[in-house]
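Side-chain atoms are counted along with the backbone in the values below, which use heavy atoms only and exclude waters and symmetry mates. Convention: sequence-line order gives letters A, B, ...; per-chain numbering from 1.
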Number of protein chains: 2
Amino acid sequence: MSPNYFQQYQDADMDELADVIGDLLQNPITVEDADHKLIAYSSHGDSTDQARWSTIMGRRVPEKVLTRLWKDGVFQELLTQDDPVHIPAKDEVGLGKRVAIAIRRGNDVLGYIWAQEVNRPITRDDDEILRQAAKAAVSRLIQRQGKRKAEEQRRKEFLWELLLGNHHSEVIIRQKAESLQMHLAPSYLICIIEAAGLRLDQYLYPLLMRDKLFWVVDGPQIILLIGLTEPKKEKSNVLIRKVEQFLSDSLGKLETYVSVGQVIAGYGRGYKSYTEIVKSYQEALHAVKIKKLFPREIAGIHGYHELGIYRYLLKCKQWDEEQGYENERLEVLKQYDRDNQTAMQETLETFLDAAGKVNVTAQRLHIHINTLSYRLRRIEEIMQVDLENMNQRTSLYLELKMAKLNEEQ
Amino acid sequence: MSPNYFQQYQDADMDELADVIGDLLQNPITVEDADHKLIAYSSHGDSTDQARWSTIMGRRVPEKVLTRLWKDGVFQELLTQDDPVHIPAKDEVGLGKRVAIAIRRGNDVLGYIWAQEVNRPITRDDDEILRQAAKAAVSRLIQRQGKRKAEEQRRKEFLWELLLGNHHSEVIIRQKAESLQMHLAPSYLICIIEAAGLRLDQYLYPLLMRDKLFWVVDGPQIILLIGLTEPKKEKSNVLIRKVEQFLSDSLGKLETYVSVGQVIAGYGRGYKSYTEIVKSYQEALHAVKIKKLFPREIAGIHGYHELGIYRYLLKCKQWDEEQGYENERLEVLKQYDRDNQTAMQETLETFLDAAGKVNVTAQRLHIHINTLSYRLRRIEEIMQVDLENMNQRTSLYLELKMAKLNEEQ
DNA sequence: CTGCTATTTGTGAAAATCCACAAACGAACT
DNA sequence: AGTTCGTTTGTGGATTTTCACAAATAGCAG
């Protein structure tokens with residue numbers, strides 16, 4: 001029966017606890033939370049390695065160290081077992097030999113304790129010390145997590161305020177962000193992912209963490225603030241590429257759980273001023289709305305700036321309704337289809353979607369090219385239009401898509 | 001020296017005067033105004049012909065009689081000479097033999113006196129009676145014309161009220177129209193013709209009379225209420241055809257005075273309820289506005305319903321401005337043109353106007369077809385667009401036309 | 001059943017489009 | 001002067017489009 005090493009230190013804070021562990025193991029100790037942010041470290045370790053030094057200075061474990069440890073399966077081990085993991089030195093990332101253990105409550109990992117092996121080797125005999133240390137750290141980390149949750153909550157509330165346009169001063173926004181420890185990227189956009197019946201934040205958690213995004217959940221939607229961390233490039237392309245990459249990752253992941261088409265994503269334009277976040281949000285909402293209305297037409301498109309005519313469609317429709325404008329031409333064609341059980345409207349739409357290429361149209365409709373040609377001639381007669389005229393062709397295209405808004409709902 | 005036949009009847013009204021003339025010539029007399037509306041007729045003519053009977057019953061000379069008299073050159077004679085014109089019988093239109101004289105002041109013809117030859121022949125000896133009768137009628141017709149002018153004025157004011165949407169009750173509109181002797185057609189539309197520096201009502205007077213239109217003049221514009229007199233056909237086509245015919249006549253006439261393109265015309269949709277006249281007017285105004293902005297694009301088009309995409313263009317533009325949307329793609333192309341002194345934008349516009357037909361485009365631009373193909377490839381690279389994609393092609397088309405709104409003003 | 005009409009499919013030839021490649025040209029730069 | 005680059009024009013051949021005409025099919029009314 002081993003002694004209870006930490007009984008007498010129940011009132012000690014995390015830093016004192018690190019010192020106690022360090023004394024017991026005679027080696028430098030570092031304590032991190034689940035996100036690898038530095039929580040505490042033993043103070044009288046005289047010698048240390050590059051990795052620990054960087055961690056303490058940056059208040060977080062360096063990215064390249066984390067990447068390496070993930071790659072080598074160290075975290076996988078830590079996440080799945082209660083016992084300490086002995087890690088050989090990885091000189092390429094400045095990491096000396098050390099032992100680590102996860103601080104966990106039930107299945108949740110709250111953080112990690114790292115003991116560097118520099119003054120003396122750490123053997124299996126020391127494992128019990130680390131196990132007890134991890135247990136002793138739990139209550140302190142839960143407290144800390146509570147604080148973080150509250151802070152996270154305040155951040156989300158602030159993001160909602162921004163999304164709803166409650167703030168009008170850039171300066172005040174930046175001040176408040178600073179106070180909430182939110183690092184606002186110099187250029188950003190709002191992206192929305194929607195999937196009915198899925199707790200999106202849970203499924204996407206790893207990706208959200210990876211890209212350090214701010215987000216809020218609104219019913220079936222998750223609303224993401226995506227920014228460029230490096231302000232070097234001015235090109236808006238970079239931001240677009242980042243969000244497309246993120247969507248590619250997320251949708252790929254989500255579509256393993258729900259069928260394709262059940263997941264919808266859209267994003268607004270990129271802005272620099274955070275007073276305009278409400279615009280990017282509205283644009284993202286618009287994009288999502290349109291994607292629901294025209295899933296086939298703009299499959300694979302997520303950006304508001306890529307919507308093309310569909311960006312105007314709802315407005316135009318609305319305007320038509322306001323002034324009681326009806327498209328008699330299209331109505332005539334529909335009536336013809338009903339009367340003769342033909343598919344003129346479908347033919348026209350396919351033809352227009354194919355940008356007037358007859359062979360493409362004929363293929364898509366599975367009809368002979370001359371049948372198509374005949375139908376197009378009939379359509380021109382029935383509707384009294386000239387399909388060679390770009391103005392007429394374009395307005396027909398718009399009207400056709402507008403008409404679909406009525407049909408499909 | 002012949003006697004002064006009418007000296008003693010200076011206070012007599014027009015009907016009494018007709019009786020006096022009838023007594024002198026021993027024949028039935030009819031007096032009409034310039035528009036062939038019945039003004040007065042002698043009462044104790046016992047026998048008469050079909051034409052006179054119809055004129056009195058209908059309070060206007062029947063159309064077919066007028067047509068025939070125009071065709072036979074009778075009116076041409078009456079309009080150009082002061083003397084009575086002796087007219088042989090025209091049995092096909094129920095017109096017996098008669099003599100007519102114009103009532104004129106200076107060059108203006110105020111009306112006509114008709115003397116039917118039924119009781120006794122009217123000879124050259126009676127000409128002096130008719131000459132004096134015409135002279136005697138002048139003052140009375142001027143008075144009458146004054147009244148008509150006032151009534152005309154009230155009609156125009158009423159039309160303005162309708163155009164501006166001041167009336168909301170169909171019943172009241174019809175009552176007021178009735179009281180103003182305005183026969184409202186069962187279906188109508190508003191047409192506007194505009195030509196700077198031309199008194200349009202003067203130039204178009206014959207046409208306006210021919211079609212019995214109501215109209216008001218507003219600066220350089222004349223606003224016409226065009227209706228279908230025969231309510232038999234329900235087809236809106238008939239109305240459209242009528243206005244197109246009218247415009248063809250009017251513009252043809254006007255363009256002999258001013259250069260083509262200086263005259264602009266547009267018309268709204270057809271309606272049945274006169275509470276909607278304001279809509280037709282607004283649509284006509286919109287059509288005129290668009291025709292000024294895009295003279296080349298919609299040359300030969302006048303109807304609001306034919307505007308196609310141009311109907312939406314201003315709204316879309318306005319919306320873009322409201323939400324601060326800028327077309328970076330197009331701007332990039334323009335910049336390229338400026339930098340390299342190329343004509344990519346023009347090329348793109350011509351290509352789109354030609355609905356993507358390369359040979360048409362190349363011809364219009366006077367370039368080799370391969371040059372065009374090269375330019376299109378470059379445009380796709382520069383703008384990062386896919387011209388084969390109908391959505392992109394259409395939105396480019398819209399954006400291009402919208403951009404022209406900025407450039408040309 | 002028999003015309004009648006609208007629709008679909010087939011054939012073939014002329015016209016247009018697309019594509020790859022090459023040559024010529026002019027402006028800018030070294 | 002020579003080089004480079006973007007642009008224009010030319011050539012030839014495969015592919016697509018367009019058009020006219022004919023034949024087959026299906027639905028419908030007398």
Side-chain angles (χ1 to χ4, degrees), chain A residues 328-394 396-397 400, chain B residues 328-394 396-397 400:
Chain A
E328 296 140 31
R329 296 188 301 188
L330 209 55
E331 211 42 60
V332 170
L333 195 68
K334 280 182 191 172
Q335 191 55 50
Y336 187 89
D337 272 352
R338 278 192 292 271
D339 289 349
N340 303 64
Q341 285 158 322
T342 48
M344 293 302 185
Q345 192 185 342
E346 190 197 0
T347 306
L348 178 59
E349 188 178 354
T350 312
F351 175 72
L352 291 176
D353 277 336
K357 302 206 155 188
V358 285
N359 57 349
V360 175
T361 313
Q363 269 175 17
R364 287 191 195 164
L365 289 170
H366 308 293
I367 58 173
H368 194 276
I369 194 160
N370 285 5
T371 306
L372 176 63
S373 143
Y374 169 77
R375 284 194 194 166
L376 291 175
R377 196 165 3 102
R378 291 290 291 123
I379 288 171
E380 287 187 323
E381 285 167 17
I382 296 164
M383 301 184 79
Q384 294 283 4
V385 292
D386 174 15
L387 289 174
E388 303 294 274
N389 179 315
M390 184 60 174
N391 183 15
Q392 298 200 33
R393 188 186 279 196
T394 306
L396 266 185
Y397 186 56
L400 211 51
Chain B
E328 296 140 31
R329 295 189 301 187
L330 210 55
E331 211 42 61
V332 170
L333 196 68
K334 281 182 190 172
Q335 191 56 49
Y336 187 89
D337 273 351
R338 278 194 292 271
D339 290 349
N340 303 66
Q341 286 158 324
T342 48
M344 293 300 185
Q345 193 185 343
E346 189 197 359
T347 306
L348 178 60
E349 188 178 355
T350 311
F351 175 72
L352 291 176
D353 277 335
K357 301 206 157 191
V358 286
N359 58 346
V360 176
T361 313
Q363 269 175 17
R364 287 190 194 162
L365 289 170
H366 309 293
I367 58 173
H368 193 276
I369 196 159
N370 285 7
T371 305
L372 175 63
S373 142
Y374 169 77
R375 285 193 194 166
L376 291 175
R377 196 165 3 103
R378 292 288 292 122
I379 288 171
E380 288 188 322
E381 285 167 18
I382 296 164
M383 301 184 79
Q384 293 283 6
V385 292
D386 174 15
L387 289 174
E388 303 292 276
N389 180 314
M390 185 61 173
N391 184 15
Q392 298 199 31
R393 188 186 278 196
T394 306
L396 266 184
Y397 185 55
L400 212 49

Would you say a side-chain N or O of B:R375 is under 4.0 Å from OP1 or OP2 of D:dT8? yes

OP1 or OP2 of C:dT9 less than 4.0 angstrom from a side-chain nitrogen or oxygen of A:T371, does that happen here? yes

Check whether the side chain of B:N370 and the base of D:dT11 form a donor-acceptor pair under 3.5 Å. yes

Let's see if you can work this out: which of C:dC18, D:dT9, D:dT17 has an atom nearest to the side-chain heavy atoms of B:V358? C:dC18

Measure CD1/B:I369 against C1'/D:dT8 and give the value in whole Å, please. 14 Å

Heavy atoms from other residues, nucleotides or ligands near CD of A:Q335 exceed 12 (cutoff 6.0 Å): yes

Of all the nucleotides listed (C:dT7, C:dC18, C:dT9), which has the minimum atom distance to the side chain of A:I367? C:dT9

Which nucleotide, C:dT9, D:dT7, C:dA6, lies nearest any side-chain atom of B:Y374? D:dT7

For A:L333, the option from A:V385, A:I382, A:L400 that meets side-chain contact (heavy atoms from CB on, under 4.5 Å): A:I382

When rounded to whole Å, the CZ to P distance for the pair A:R377 and C:dA6 reads 12 Å

Rounded to the nearest Å, what distance is computed from the CG atom of residue B:L372 to the C1' atom of nucleotide C:dC19? 14 Å

In whole angstroms, how far is the C1' atom of C:dT8 from the NE2 atom of A:H366? 16 Å

Does any donor atom in the side chain of A:T347 or A:R375 lie under 3.5 Å from an acceptor atom in the other side chain? yes

N-O pairing of B:E380 and B:R377 below 4.0 Å: no

Rounding to an integer number of Å, can you tell me how far B:N340 CG sits from C:dA28 P? 10 Å

Nearest-nucleotide pick for A:H368, side chain only, options being D:dG10, C:dT11, C:dT17: C:dT11

In whole angstrom, what separates B:L376's CG from D:dT8's C1'? 14 Å

Identify whether any heavy atom of B:N359 sits under 4.0 Å from a base atom; if not, whether one sits that close to sugar-phosphate; answer base, sugar-phosphate or nothing. sugar-phosphate

If you check every side-chain atom of A:R378, which of C:dT7, D:dT9, C:dT17 has the closest atom? C:dT7

Atom-to-atom span, CG of B:L365 to P of D:dT9 - whole angstrom: 11 Å

Nearest whole Å is fine: how far is D:dT7 P from B:D339 CG? 11 Å

Please determine whether a side-chain nitrogen of the Lys or Arg among A:R364 and A:E346 lies less than 4.0 Å from a carboxylate oxygen of the Asp or Glu. no

Taking the nucleotide of DNA chain D with the closest heavy atom to each, which residue, A:Q341 or B:T342, is nearer the 5' end? B:T342

